[in-house]
Amino acid sequence: MAGYSKEDLVQLIKRFGAYLTLKLSDLFNNLDSWSVGGLAGLAIAILFIWRLWRPRSGTQRRQPKRRAPTPGSSGASNLSDANLISSGVSTPEEDSRDQNIIDEFFQPIKLTLGQVVRQKLSEGRKVTCRLLGVVLEETSPEELQVAKTKVTVRSSVLEVLLEITKFCDLYLMERVSDDESEKKVLSALEDAGLFTSGGLVKDKVLFCSTENGRTSFVRQLEPDWHIDTNPDIIFQLARFIKYQLHISPTKTERTAANIFSSPSLELFFGCV
């Protein structure tokens with residue numbers, strides 16, 4: 001590489017080796033958070049660096065330029081500079097330059113939303129989710145009743161739901177007070193385009209008249225994940241459902257290892 005002598009490269013490779021050892025230690029300690037693509041990218045980066053820095057035949061070693069002593073300068077200063085070069089000790093500027101080069105090869109791997117969803121859901125294949133307060137802006141059956149024309153689907157959650165339907169069997173469910181509320185909900189989901197992607201159909205939108213009814217739906221469907229805002233339902237299902245996500249605007253204590261919490265569904269997947 002331009003600007004580097006053989007000794008420079010040796011020192012840089014040593015630093016890179018130490019940095020790589022640290023990164024690999026972190027990798028094996030957190031292997032579940034890395035994708036196969038990330039591992040492949042790391043291997044390619046290492047191979048690229050090795051080929052780039054491999055000694056080439058016929059390459060002449062660059063000799064440091066000698067500087068003529070200036071009047072008033074001491075010979076000790078020149079001697080110190082010569083010792084610094086010969087000993088291979090790097091300057092802070094060289095350290096910073098070397099670290100910048102190394103850091104370029106360890107930029108965080110940006111996953112797609114689909115990859116994040118699959119990773120967060122631990123490859124789960126069936127998901128049940130309540131509508132109020134998660135998918136809809138409305139938070140209670142009473143709000144559905146008083147809505148004059150239609151209810152509102154939260155736009156920020158749409159992309160996440162569509163990604164979930166690509167590889168999960170998704171069921172949406174809610175407690176409603178009347179048939180008119182059901183129609184409003186189905187109309188809102190249809191207008192938002194959730195039925196046109198092919199992953200969600202109207203038959204997978206379930207309605208009941210009580211909170212216990214929603215609990216029964218979840219028990220019968222036996223999903224890998226259930227998403228809800230009601231802490232009582234989350235608690236009741238903890239023994240039966242593999243994973244649960246409690247959507248709550250306030251931070252809640254984790255009551256079981258299989259229960260997670262987030263202010264919203266999209267924030268759980270890192271979407272803002």
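- The CG atom of L131 sits 5.0 Å away from atom CG of L172, with the distance rounded to the nearest 0.5 Å.
- Grouping the Ile, Leu, Val, Met, Phe, Trp and Tyr side chains by contacts below 4.5 angstrom, directly or via other members, places V205 with V160.
- With values rounded to the nearest 0.5 angstrom, M173 atom CE is found 8.5 Å from C129 atom SG.
- Summarising the local packing, CZ of F268 is surrounded by more than 12 heavy atoms from other residues, nucleotides or ligands at distances under 6.0 Å.
- Atom OG in S177 sits 4.0 Å away from atom CD in Q145 (nearest 0.5 Å).
- Each of V134, V127, L170 was scored for a side-chain contact (heavy atoms from CB on, under 4.5 Å) with L161, with one residue passing: L170.
- In this structure, K150 and D191 approach most closely via the heavy-atom pair NZ-OD2, 3.9 Å.
- At a cut-off of 3.5 Å, with distance as the only test, no side-chain donor of T215 or N212 sits close to an acceptor on the other residue.
- Side-chain N/O atoms of Q220 and S216 include no donor and acceptor closer than 3.5 Å.
- For the atom pair NE2 of H226 and NZ of K126, the computed distance is 13.5 Å after rounding to the nearest 0.5 Å.
- Distance check: L221 CG to D224 CG gives 11.5 Å after rounding to the nearest 0.5 Å.
- Linking Ile, Leu, Val, Met, Phe, Trp and Tyr residues whenever their side-chain heavy atoms come within less than 4.5 Å leaves L206 and V135 in two separate clusters.
- The 12-atom threshold is exceeded at CZ of R154, counting heavy atoms of other residues, nucleotides or ligands nearer than 6.0 Å.
- When only modelled atom types and interatomic distance are considered, Q244 and D228 share no side-chain donor-acceptor pair under 3.5 Å.
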